[in-house]
Number of protein chains: 2
Amino acid sequence: MSVVAKSASEQTRERLLDAAREVFSQCGFQGATVREICRRADANVAAVNYHFGGKDALLAEALNFAPLRALQEDNVTADACPRVRLRLFIHGFLRMLLDEKNASAQCQIMARELADPTPALDKIVREAIAPLHTYLGTVVREIVGATVSEADCRRGVHSIVGQCMYYRHSQPVLQRLRPKLNYTPKEIEAIAQHIAEFSLAGLAQLAITSR
Amino acid sequence: MSVVAKSASEQTRERLLDAAREVFSQCGFQGATVREICRRADANVAAVNYHFGGKDALLAEALNFAPLRALQEDNVTADACPRVRLRLFIHGFLRMLLDEKNASAQCQIMARELADPTPALDKIVREAIAPLHTYLGTVVREIVGATVSEADCRRGVHSIVGQCMYYRHSQPVLQRLRPKLNYTPKEIEAIAQHIAEFSLAGLAQLAITSR
DNA sequence: TTGAATTTCAAACAAGCGTTTGATACGCTT
DNA sequence: AAGCGTATCAAACGCTTGTTTGAAATTCAA
């Protein structure tokens, strides 16, 4: 057996994982049903329990934080000043959250679960969100300087992440407010531009107030 | 029968509504169960269907946008400049979202449903969120002036609302990031201060860029 | 090719859900 | 007190959920 050719069993596993990422990110953990996942994967209802042991374990395996980690690593090695790095990060983060055609869309499962604790939330926070906040904290710190308090620094991170998440999380609402809304790459870039502009000014204000 | 003394039936109705607001805002529409609502209301499982006709109709009656409307009306009549009115609004809005002891906590049901469309979401958007965005749009417009595009103005509103919602919506995550987190009135005021400061600077930047 | 191990499948299971039912208890007018 | 409409109740219904089962199909080494 070559490296690329997978056994039938492995193929089923991967089809299940792909379908799971799709359904989990669209419907959330509770809303997703094992039957729907198996239907999309052209597999039997029992396949999830046979290959993974249960719905919980399937979610745990479906999670993939690599794209988010890659975004951070690309950003930290980018040869640019903190402000530009923040711009780049916001743009990449929004692409991850909003662009369904993006390969990194796997992280959308994560966003779906933030408000609704599932057995996997502890893992998500530990391995993805905490590092994200820590990293953004260092970038924000570089921008605002040493005079800003730790609490203000953290709230600055929250302001940035909160703005990004809003477009993902409140999509059903925004869709109803503006039915023509569509997250094209162009629209995503415009949103990223806005959030970066808005936030850099906000951070600058933090630095001023703390003087 | 006097105005204050309610019949036994009306008392049951009100106990059900109170319990429903509690459970819906804590668990969401799907997560909430009729049995749990009735348990907290000391009522029979059949009570919801007898008094309201079903779980959907109970949610529709449990919704109460009066506090949110009152916040807008108080704000529009406040004798203050747009910037101060924005500060006041953000503070009141956050109290509504985060302070469980607040009487206006009924609007927390609303926040719970934003990401997860239910039969009532259309009503929520039409009667609560759309007016909220419209009103905030006028305040933001007063602050940034006429040179800023309609799209930038709308994104400014999103930035403000997004920051506020983040603290409510991502509470399970923030709780895990900082276990000591507690939304005391003092903490809420500090958050409101931060968001107002941050956003006013962001809005000012919008005005500068559009020149 | 054969035979054991792995994988798939239709079917059924137990538990939970919203809802319905028919009997019972209650409140109120007569 | 009797009668009647309303409200409550335990029980059950129909449905969906995640999971289990045991037989059938497939895979793969010997």
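Remember, it's a predicted structure, so these values are computed and weren't measured experimentally. Protein chains get the first letters and strands the later ones, always in sequence-line order, with residue 1 at the start of each.
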Among the nucleotides D:dT19, D:dT17, D:dT20, which one has an atom lying closest to any side-chain atom of A:Val34?
D:dT19
N or O in side chain of B:Ser9 less than 4.0 angstrom from D:dA7 OP1/OP2:
yes
Regarding the side chain of B:His51, the nearest nucleotide among D:dA10, C:dG18, D:dT8 is D:dT8
Atom CD1 of A:Ile37 and atom P of D:dT16 are separated, to the nearest Å, by 18 Å
Closest nucleotide of DNA chain D for B:Val45 versus for B:Arg15: which of these residues is on the 5' side?
B:Arg15
Closest listed nucleotide, where the reference is the side chain of B:Asn49 and the choices are C:dT8, C:dT20, D:dT17
C:dT20
When you check the phosphate oxygens OP1 and OP2 of C:dA10, does a side-chain N or O of A:Asn44 lie under 4.0 Å from one of them?
yes
A:Arg95 and A:His91: side chain donor to acceptor below 3.5 Å
yes
Would you kindly say whether A:Asn44 and A:Tyr50 are connected by a side-chain donor-acceptor distance under 3.5 Å?
no
Taking any heavy-atom pair under 4.0 Å as a contact, classify A:Ala32: base, sugar-phosphate, or nothing.
sugar-phosphate
Separation of C:dC17 C1' from B:Leu59 CG (nearest whole Å):
17 Å
Whole-Å gap separating P (D:dT17) and CG (A:Asp56):
16 Å
Can we say A:Glu197 and A:Arg87 salt-bridge, meaning some charged N sits less than 4.0 Å from an Asp/Glu carboxylate O?
yes
Calculate the interatomic distance between B:Gln11 atom CD and C:dG27 atom P; express it in whole Å.
11 Å
Assess whether one donor atom and one acceptor atom, taken from the side chain of A:Arg35 and the base of D:dG18, lie less than 3.5 Å apart.
yes
CZ of A:Arg39 versus P of C:dA10: gap in Å, rounded?
15 Å
Rounded distance (Å) that lies between atom P of D:dT8 and atom CD of B:Glu10
11 Å
Output for pair (A:Glu113 CD, A:Ser25 OG), nearest 0.5 Å, gives 9.5 Å
Please determine whether a side-chain nitrogen or oxygen atom of A:Thr12 lies at a distance below 4.0 Å from atom OP1 or OP2 of C:dT8.
yes
What's the CD-P distance between A:Gln30 and C:dC17, to the nearest Å?
11 Å
Rounded to whole angstrom units, what separation is found between the OH atom of B:Tyr50 and the P atom of C:dT21?
15 Å
With A:Glu22, which of A:Glu36, A:Arg40, A:Glu100 fulfils side chain to side chain contact (heavy atoms under 4.5 Å, CB included)?
A:Arg40
Per B:Lys55 side chain, nearest of listed nucleotides C:dT19, D:dT6, C:dA10:
C:dT19
Starting the side chain at C-beta, find the nucleotide from C:dT8, D:dA10, D:dT19 nearest to B:Ala46.
D:dA10
